[in-house]
Structures are given as C-alpha cells and as structure tokens.
Amino acid sequence: MEFLSYFSNVFTFTNLLILFLGTVGGLLMGAAPGLSPTMAVALLIPFTFKMSPEQGLIMLGAVYTSTVAGGAISAILLKIPGAPANIATVMDGYPMAKAGKPKEALHYCFISSFIGGVIGIFILIFFTPVLAGFALKFGPSHMFWIAIFGVTVIATLDSNSIIKGLFSGAIGLWLATIGYDSVLGVERFVFNPIFSGGINIIAALVGLFAIPQVLSMLESKQNISDQFEMEKRSLSQSVLYNISRIKALTVGSISGVIIGLIPGAGGQIAGLVSYDQIKKISKNKENFGKGEPDGIIAAESANNAMVGPSLVPLLTLGVPGSPTAAVLLGGLLIHGMFPGSNLFTVYAETTWTFIDSLLIAQLMMLVFGLYISGLAKYVIKTPANYMAAAITILAIFGTYSVQHNFADVIVMLFLGVSMFFLSKFGFTAAPIVLGLILGPIAETNFTQAKIIADTQNGIFSYLTSGPLNLTIISLCIISITYGFITEMKKKKND
Amino acid sequence: MIEIKNLTTVIITLILSILLAFVSFTGGASEAYLFPKIITSTMIILSSLSLLFYFFEKNQIIAKIDMIKLSVYLILIILFILFGEIVGFYFSATLIFLTVCYYYSENKATKIIVYNLLVTVFFMLFIYFLFSVLLKVQVPRFFLL
C-alpha cells in the first residue's frame with residue numbers, strides 16, 4: 001500500500017493545476033483529427049523539461065490518459081478517430097450519433113474509459129513486478145502473429161466482405177513497406193521523392209478517415225443529424241446502463257490490461273480485440289456496427305485500461321507497452337530517471353506520485369469529458385458545408401504539424417481521395433490504417449524471427465511452434481472463419 | 001454520375017495485386033523484399049478468390065459517384081497540392097474554406113456570403129491560435145499570411 005502514502009503530493013495547488021491543464025488540453029488535442037496521444041505527449045516533453053520531474057510526469061500522464069479518451073469525441077461525432085486507439089469506437093459510436101444519440105454515445109465512452117482506466121492503473125500499482133515477467137515471454141514470432149491477428153480482426157469486423165477486408169489489411173501492410181527497410185537500409189517502392197520517408201501514420205490516419213468523410217458530406221449535402229431527432233438523455237440513465245453492461249466492461253478491461261502489457265502492441269489492438277470478443281459473445285450480434293452501446297463500452301474501456309499496464313514494462317524494464325509509452329520514456333530520461341528498480345527505491349516519491357496522479361487524471365477526464373458530451377449537439381447540427389471545410393483545414397494543418405513536412409499533407413490528401421473511391425468499391429479505411437500501423441511491427445519481428453530461425457529448423461517451424469504461437473494462430477483462424485460464416489449467413493438472409 | 005459494378009472492383013484489385021507483386025519480385029535485394037513478396041502474393045490470392053466468388057454473384061451496381069458535385073472540391077485539393085506551399089497555408093486555407101462554404105451552400109444570398117466571410121475569419125483565427133501560437137507550428141507562409 002505504498003502508493004497511498006504519496007497521494008498527498010498530488011493535492012498541491014501546482015500539481016492539481018498541471019493535472020487540470022493536462023486533462024482538458026489532452027481531451028481537446030485528442031478530439032482534433034491528427035493530434036494523437038503519441039504526438040501530444042511528444043509535443044509536451046520539451047515544455048516539461050523546465051518543470052520538476054514530478055510535475056513533468058504528472059503533466060505527461062494526464063495528457064496520455066485524456067487524449068486516448070478525447071480521440072473518441074471525433075470518432076463518435078465525425079467518424080474520424082482522433083487516434084488509432086479509437087478506430088473500434090467509430091464502428092458503433094458514429095452510427096449512434098447518426099441515430100440522434102451522440103450525447104449517450106459520449107456518456108458511454110467517458111464512463112467506460114474511466115472504469116477501464118482505473119482498473120488499468122490498479123493493475124499498474126499492484127501487479128507491476130509479477131506482470132513484468134509475463135511481458136518478457138513475448139518473442140519476435142509472437143509479436144509477428146499478434147500484428148497479423150490485429151489485421152485479421154479488423155478485416156473481419158469493419159467490412160461487408162471478408163475478402164475485401166483482408167485485401168485492405170494487406171494494402172496497409174504493403175504501404176508500411178514504402179521507404180527505407182529498417183533492417184537492411186534498402187530503399188523500397190519510392191516511386192516519387194515524397195515517399196522516401198515512408199508513409200507517416202498520422203497523415204494516413206487523417207487522410208483515410210477525414211477526407212472520404214468530407215467528400216461523402218459534400219456529395220450528399222446532408223448534415224449528420226439531418227434525418228434524425230436528437231435524443232434527450234440524462235447522465236444518471238447513462239451511468240446506470242453503463243454499469244449494467246458488466247460483460248462488455250469486463251471484456252474491454254481484461255483485453256486492455258493484457259494487450260497493454262505486451263510491448264509495442266498499443267491501444268488500437270486493445271480496442272479492436274475487445275470489440276471482436278464482445279461481438280462474438282453478445283446476444284445482439286446483429287446490432288454491432290449499427291450503434292450497439294456494448295461496442296463503444298468494450299472498445300473504450302479497453303483502450304483506457306491499456307494505459308496503466310502499458311507503463312508496467314516501461315517502468316520496470318524500460319520496454320514501452322505502447323508507442324505513447326515509448327515517447328513517455330523520453331520524458332523520464334530527460335529528468336535523469338532510468339527505468340528499473342531505481343524508480344521504486346531512489347525515485348520512489350516521484351514514481352508513486354506520478355502513478356497516483358494518473359488515478360486523479362482519470363477522474364478529471366470523466367468530469368470534463370461528460371461536460372463536453374453536452375456540447376455534442378452543436379457539432380452534429382453544424383451545416384455540412386461548414387463542417388467539410390473545417391475538417392479539411394484541420395486535417396491539413398494537423399498533418400503538417402506532425403513533421404513540418406508538406407509531403408505528408410500531399411500523402412494525406414492523396415490517400416484520402418483514393419480512399420473515397422475505394423470506399424465506393426466496398427473497401428474500408430480501418431484495415432488499411434491498422435495494416436499500416438502494425439506493418440513495421442510485423443516486418444521487424446518477422447525479420448528477427450528469420451534471423452533466429454536460420455540457426456534452428458527454419459522460419460516455418462519457428463513461427464508455428466510453441467503454445468503461445470499456436471494460440472495466436474488459432475485466434476487468427478477463428479477470426480477469419482467466424483467472419484466467413486457471418487458473411488455467408490448474412491448473404492443467405494438477404 | 002459514375003456507376004460502379006462489382007466486376008470493376010474485382011478487375012481493379014487483381015490488376016493492382018499483380019502490379020505490386022511484379023514490383024516486389026523484381027525490386028532487387030531479395031532479403032529486403034521478402035516481406036513485401038509475402039504480402040503481395042497474399043493480395044493475388046485474395047483478389048483471385050474474389051474473382052472466383054464473382055462468378056457466383058450477379059454483376060450488380062454497388063455504388064454511384066456524383067463527380068460533377070465533387071469536382072470543385074477535388075480541383076481545390078489539386079490546386080492546394082500544386083501551389084499550397086508557394087502561396088502559404090493561411091492564404092490557401094482561407095480560399096478553400098470560403099469556396100467550400102459558398103459553393104456547397106444551397107442559399108447564395110448576400111447575407112449568407114457575409115455570414116460565410118465572418119465564419120471564415122473566426123475559424124482561421126482559431127486555427128492560427130491553435131497551431132501558430134499554442135503549438136508553435138511554422139507553416140509555409142506568403143508575405144504576412
């Protein structure tokens with residue numbers, strides 16, 4: 001119970017002010033397309049340099065937790081995930097908003113984010129030493145299969161045709177190979193100099209989700225709320241309903257905790273895996289993708305439950321559990337704090353104050369998030385032409401701000417317009433984005449696996465042996481088979 | 001209005017897969033292209049499967065695209081790609097915002113034009129505050145804009 005003795009450190013005026021600014025700023029940054037949690041934390045690191053280590057980490061932790069939740073605001077209201085972690089939230093969040101229930105969808109999002117987030121931080125507090133050992137069991141072959149599993153899950157979930165879904169995932173994996181090969185340094189598929197640095201993930205995320213949405217709005221000239229009545233929903237109704245969805249909350253939180261512990265996996269996989277799992281065990285399978293609250297609850301509790309555990313391997317071994325945790329490592333290092341046992345002995349006060357502040361940040365995220373939910377109707381009722389123009393400008397500036405590179409903006413617009421036409425052919429953006437995100441993880445681990453396998457029985461044997469490999473491969477096969485069966489059933493019914 | 005049939009989709013995916021596989025298999029250093037080769041081979045298998053499934057389905061129209069309606073937006077995007085860096089982000093973004101608001105509005109009365117101008121000014125001030133003041137992003141500029 002060491003963590004309790006440092007709680008008083010959080011409740012100083014300066015630390016509470018930093019928490020407040022970090023939480024509100026994080027929610028707004030998360031909601032803006034293009035400003036992901038990783039980028040928000042990276043942008044703030046130089047500002048925290050002049051703060052004390054304790055204050056700097058409190059600021060970064062608050063921004064990390066609230067940007068993950070804030071990303072759901074644009075996912076639900078505009079069908080544009082604010083961050084990769086919110087891709088699964090789009091699937092049921094946007095249909096709910098379209099059906100006149102944006103406030104309700106945002107309530108579920110923040111309440112489940114809070115519950116998942118608190119569970120994740122308690123895991124961080126109580127199980128850090130035990131779980132650090134589990135994270136070490138994941139080798140290159142397992143990470144390769146985890147990445148493939150992530151792509152197969154989204155391909156089966158976010159598409160009417162499983163073949164088109166898998167094909168989209170493959171396009172994403174291929175796009176990730178553009179640029180320099182990270183192991184051999186060979187230039188690949190650089191048809192034009194603007195591609196020499198590869199495809200920036202944020203540029204792709206913004207382009208693939210924002211621009212097709214803009215083009216659809218302009219083509220139909222309809223506001224999101226045009227055909228629907230806006231609902232009146234009280235907070236107490238949402239809280240009671242949310243708490244009653246124990247199954248979705250449990251599935252989301254457990255998936256988030258497990259995936260958060262796996263180095264490099266990140267919130268995008270947590271959200272998708274939990275969405276997939278809850279859809280499979282739900283009695284209302286046919287409602288998923290049409291505005292099923294369980295879809296939002298599972299996805300959002302998972303991506304916030306992932307935050308705490310993703311810091312476990314970071315704080316104990318120096319191995320980040322998510323891309324944002326990797327940037328947070330930079331925040332620790334600039335204050336001279338190196339991951340390992342020293343953090344809980346020499347720097348115990350700073351470390352525990354930081355972990356305690358994450359709990360308070362969750363509470364602040366819930367309060368301010370719910371307040372923002374009340375303003376959702378204004379976004380939804382904005383005329384389509386204003387919304388389309390605003391999204392385009394935000395997408396351009398947001399993408400440029402990532403690397404100060406005009407080529408990223410060109411890539412974003414090119415991918416966006418292409419995605420609009422691809423969507424008309426029946427392809428969806430989510431598998432492409434996830435393929436692009438997981439592509440480097442899959443390829444690096446595949447190359448490492450091949451180097452190890454060359455000294456053993458060959459790559460095939462290395463990738464398919466061991467209980468952990470076989471479990472993940474089975475999950476991939478189950479995911480694809482389930483997708484095929486569902487598609488066949490749907491076609492039969494039609 | 002352009003109509004899209006599912007045969008078009010199948011043919012495009014097949015051609016795309018073959019092209020990408022060709023580039024991957026003739027790319028050079030075999031170790032660096034191993035992963036792309038696996039992916040593009042998978043793409044060929046998937047597009048061949050969709051061709052196979054096509055024969056069990058009717059050649060139906062799956063979507064329509066209203067190119068005339070979208071042409072103004074697409075032209076604005078092309079102009080931005082060509083001249084955005086030269087004329088500056090704030091100047092070009094203001095023009096894009098104004099044009100989209102005006103062209104895609106059903107009501108083109110003078111009052112609406114003035115309203116559009118006001119919305120554009122406030123929105124661009126918000127963008128300037130967020131990116132240039134708060135986040136210190138140095139975007140390409142033309143004179144003062």
Side-chain angles (χ1 to χ4, degrees), chain A residues 25 28 32 35 43 161 163-164 166-167 170-171 173-174 177 181 183-189 191 211 214-215 217-221 383-386 388-390 392-394 396-398 400-401 404 406 409-410 413-414 416-417 420-421 423-427 435 439 442-443 446-447 450 491, chain B residues 4 6 8-9 12-13 16-17 20 23-24 27-29 31-36 38-40 42-43 46-47 49-50 53 62-66 69-70 73-74 76-77 80-81 84-85 89 93 96-106 119-120 123-124 127 130-131 135 137-140:
Chain A
L28 296 175
L35 299 178
L43 280 171
S161 153
I163 291 180
K164 282 180 183 170
L166 290 170
F167 192 84
I171 291 178
L173 288 169
W174 180 81
T177 63
D181 167 35
V183 179
L184 298 166
V186 176
E187 202 181 58
R188 298 178 302 190
F189 312 115
F191 307 115
I211 303 299
V214 167
L215 285 162
M217 275 183 198
L218 297 177
E219 195 183 25
S220 61
K221 274 193 191 171
N385 53 336
Y386 292 123
T392 308
I393 306 305
L394 266 173
I396 289 171
F397 278 78
Y400 185 81
S401 66
H404 293 75
F406 189 64
V409 181
I410 298 175
L413 293 169
F414 175 76
V417 174
F420 172 73
F421 291 104
S423 68
K424 296 285 181 181
F425 288 110
F427 294 93
E443 187 176 10
F446 178 80
T447 312
K450 195 177 173 297
K491 276 187 181 166
Chain B
I4 295 168
N6 51 2
T8 326
T9 316
I12 286 176
T13 51
L16 183 72
S17 317
L20 294 180
V23 185
S24 304
E31 285 288 307
Y33 282 87
L34 181 60
F35 192 67
I38 297 170
I39 297 166
T40 48
T42 313
M43 284 167 85
L46 289 169
S47 46
L49 274 174
S50 63
F53 284 128
I62 53 173
K64 289 176 181 177
I65 305 174
D66 192 342
K69 227 183 224 177
L70 296 177
Y73 183 82
L74 293 174
L76 283 171
I77 294 294
F80 179 80
I81 289 173
E85 212 173 9
F89 270 29
I96 291 175
F97 198 95
L98 257 177
T99 316
V100 171
C101 287
Y102 175 75
Y103 182 78
Y104 290 99
S105 166
E106 277 165 15
V119 172
T120 308
F123 183 75
M124 289 315 297
I127 290 287
L130 178 66
F131 288 97
L135 299 172
V137 179
Q138 295 290 323
V139 295

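With a 4.5 Å cut-off on non-hydrogen atoms, B:Val119 touches chain A through its side chain but not through its backbone. Heavy-atom distances place both the backbone and the side chain of B:Leu49 under 4.5 Å from chain A. For A:Phe189, the parts lying under 4.5 angstrom from a heavy atom of chain B are both the backbone and the side chain. Contacts between B:Leu98 and chain A at a heavy-atom distance below 4.5 Å are absent for every atom of the residue. Contacts of A:Phe446 with chain B are made by side-chain atoms alone, with heavy-atom separations under 4.5 Å and no backbone atom involved. Proximity to chain A is limited to the side chain of B:Leu74, based on heavy atoms less than 4.5 angstrom apart.
In plain terms, the two heavy atoms of A:Tyr400 and B:Val137 that are nearest each other are CD2-CG1, 4.0 Å. A:Leu394 approaches B:Phe123 most closely through the heavy-atom pair CG-CZ, 4.4 Å. Shortest non-hydrogen contact noted between B:Asp66 and A:Glu219 is N-OE2, 2.8 Å.
Ranked by non-hydrogen atom pairs under 4.5 Å with chain A, the options B:Thr13, B:Ile12, B:Thr42, B:Ile77 are led by B:Thr13. Taking B:Ile39, B:Ile96, B:Thr99 one by one and counting their heavy-atom pairs under 4.5 Å with chain A, the maximum is reached by B:Ile39. In terms of heavy-atom pairs under 4.5 Å with chain B, the best-connected choice from A:Arg188, A:His404, A:Lys450 is A:Arg188. Contacts with chain B were tallied for A:Thr392, A:Leu173, A:Val417, A:Ile410; A:Thr392 has the most, counting heavy-atom pairs under 4.5 Å. Each of A:Thr447, A:Val214, A:Asp181, A:Leu215 has some count of heavy-atom pairs under 4.5 Å with chain B, and the biggest count is that of A:Leu215.
Remark: the backbone N or O of B:Tyr73 is paired with a side-chain donor or acceptor of B:Tyr104 at under 3.5 angstrom. At distances below 3.5 Å, not a single donor-acceptor pair connects side-chain atoms of A:Lys164 with backbone N or O atoms of B:Ser50. Formation of a donor-acceptor pair under 3.5 Å by the A:Glu443 side chain with backbone atoms of A:Thr177 is not found in this model. Judged purely by atom type and a 3.5 angstrom limit, A:Ser401 uses its side chain to pair as donor or acceptor with the backbone of A:Gly398.
B:Phe89 has its ring centre less than 6.0 Å from the ring centre of B:Phe80.
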